[in-house]
There are 2 protein chains.
Amino acid sequence: MKIGDVAKRTGASVRSIRHYEKVGLIRATREENGYRDFDEADVLLVRRIGRMIRLGFTTEEIATFLNCIVDDPATVTTCPKVAAAHRLKLAAIERQMADLETRRQKLLITLKAASGQDDTSVPETLAHAETNPIALAHPRHPGARGLFRRRG
Amino acid sequence: MKIGDVAKRTGASVRSIRHYEKVGLIRATREENGYRDFDEADVLLVRRIGRMIRLGFTTEEIATFLNCIVDDPATVTTCPKVAAAHRLKLAAIERQMADLETRRQKLLITLKAASGQDDTSVPETLAHAETNPIALAHPRHPGARGLFRRRG
DNA sequence: GTAACCCCTGACATCAATGTCAGGGTCAAG
DNA sequence: CTTGACCCTGACATTGATGTCAGGGGTTAC
């Protein structure tokens, strides 16, 4: 099966599939003319990789546990690495959610203050009360990007 | 006041302050030797910009409404643009939170299945049941980056 | 005059998956 | 033989605030 077929059957772009091969997530044999040759198992694998990426794993992370997932027909067996990676990702996501929630609250406070017609209110967001010069931080959201990412 | 002093008093790096000037968020007069010269108002402004960035606004977004914020001593007045921008950001954050929540749920499902010792369970995350080849998407999180961002 | 700071500009690096283009093959149908 | 639809590799672009370096100059205290 050629790469274009795999792309159609998985929803991943040809470019992405080549990328997955380059970073070692999949392997492809070559035909005499140099074309990559895939089989049914590769289709399943690429789909799995797509799901992992949509879950927020990077290809580097996926590489650490992908070989730990064995699927016989109708059954999936995993080794502990998989769960460990999932727990880490879960914790990261919860950190991000907490951060977003904080920001959300501050935005709400500002909006509430701004809706109070007159201007005497000094919402935290706009106030220049912050005294500590320590730059805080937001985690950069390690989620999916590129093709899999929304446009707006 | 020189740029290094502003940096110390705001927590922003010298590099960032120069950047804010380049993108038009702040203006600095120049001394004869070419050094930037800032005043007290600039300190407040840089702090405000830092807060906005930590809230997840980009400098480009900030530029659209920063000139709409007027602060007399102890009072902040804003025009409608500010609230509008905040509402947009709020909506974006809520979209991101919903996305994270979806991912979180899927991770939890996988973890639950994986903890069921034996391997007959086929969690959604790992299953290759997905038939539609449509690549979904995650919004790229437009939040704060760089200096203000966490390391881990 | 020289060390030790500070300032200046401009440019490249970071993250990570993907898009996209250039330049070039392969192959089957007409 | 030509057209069209594939395939290949390699490289650059995207995001966006910030780090960091190079190369050069100012200022101050010793």
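We use all heavy atoms of the structure for the numbers below, so side chains are in, but hydrogens, waters and symmetry mates are not. Order of the sequence lines sets the chain letters (A, B, ...), proteins ahead of strands, with each chain counted from 1.
- When the C1' atom of C/dT26 is taken as reference, atom CZ of A/Arg30 falls 14 Å away, rounded to whole Å.
- Within the 4.0 Å cut-off from OP1 or OP2 of D/dA17, at least one side-chain nitrogen or oxygen of B/His19 is found.
- If you check distances only, the side chain of A/Arg15 does reach the base of C/dT20 with a donor-acceptor pair under 3.5 Å.
- The side-chain contact (heavy atoms from CB on, under 4.5 Å) test applied to A/Arg27 returns no partner, not counting sequence neighbours.
- Rounded to whole Å, the distance from CD on B/Gln96 to P on D/dT15 is 17 Å.
- With sequence neighbours left out, the side-chain contact (heavy atoms from CB on, under 4.5 Å) criterion links B/Leu108 to A/Leu90, B/Arg104, B/Gln105.
- Atom CD1 in A/Ile17 sits roughly 10 Å away from atom P in C/dT18 (whole-Å rounding).
- Within 4.0 Å (heavy atoms only), B/Arg18 reaches at least one base atom of the nucleic acid.
- For B/Glu31, the side chain to side chain donor-acceptor pair (under 3.5 Å) criterion is met by no residue, not counting sequence neighbours.
- Residue pairs that meet the disulfide (SG to SG under 2.5 Å) test with at least one member in residues 2-34 of chain A, sequence neighbours left out, do not exist here.
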Close N/O contacts between protein and nucleotides 27-29 of chain D (under 3.5 Å):
residue, atom, partner, partner atom, Å
D/dT27, OP1, B/Asn33, ND2, 3.0

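- Summarising the geometry, the separation between CD on B/Glu21 and C1' on C/dG10 is reported as 15 Å, rounded to the nearest angstrom.
- Minimum atom distance to the side chain of A/Thr58 is reached by C/dA16, of the listed C/dA16, D/dA17, C/dC8.
- In this structure, B/His86 and B/Phe57 have tilted ring planes: the angle between them lies in the 30° to 60° band.
- The CD atom of B/Glu31 sits 12 Å away from the C1' atom of C/dC8 (whole-angstrom rounding).
- Per the geometry, OH belonging to B/Tyr20 stands 15 Å off P belonging to D/dG16, to the nearest Å.
- When distances are taken from the side chain of B/Ile3 to each of C/dA17, C/dC7, D/dC8, the shortest belongs to C/dC7.
- Rounded to whole Å, the distance from NZ on A/Lys22 to P on C/dT18 is 14 Å.
- Residue A/Arg36 has no polar side-chain atom (N or O) positioned under 4.0 Å from OP1 or OP2 of C/dT26.
- For the pair A/Leu25 CG and C/dA16 C1', the interatomic distance rounds to 13 Å; values are reported in whole Å.
- Listed nucleotides D/dT18, C/dT18, C/dA17 differ in distance to A/Ser16; the shortest reach to its side chain belongs to C/dT18.
- Residues B/Leu88 and B/Leu66 are members of separate hydrophobic clusters, defined by side-chain heavy-atom contacts under 4.5 angstrom among Ile, Leu, Val, Met, Phe, Trp and Tyr.
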Would you mind writing out the side-chain donor-acceptor pairs for residues 32-39 of chain A within the sub-3.5 Å range, not counting sequence neighbours?
residue, atom, partner, partner atom, Å
A/Asn33, OD1, A/Tyr35, N, 2.9
A/Arg36, NE, A/Glu21, OE1, 2.6
A/Arg36, NH2, A/Glu21, OE1, 3.2
A/Asp37, OD1, A/Met1, N, 2.8
A/Asp39, OD1, A/Ala41, N, 3.1
A/Asp39, OD1, A/Asp42, N, 3.1

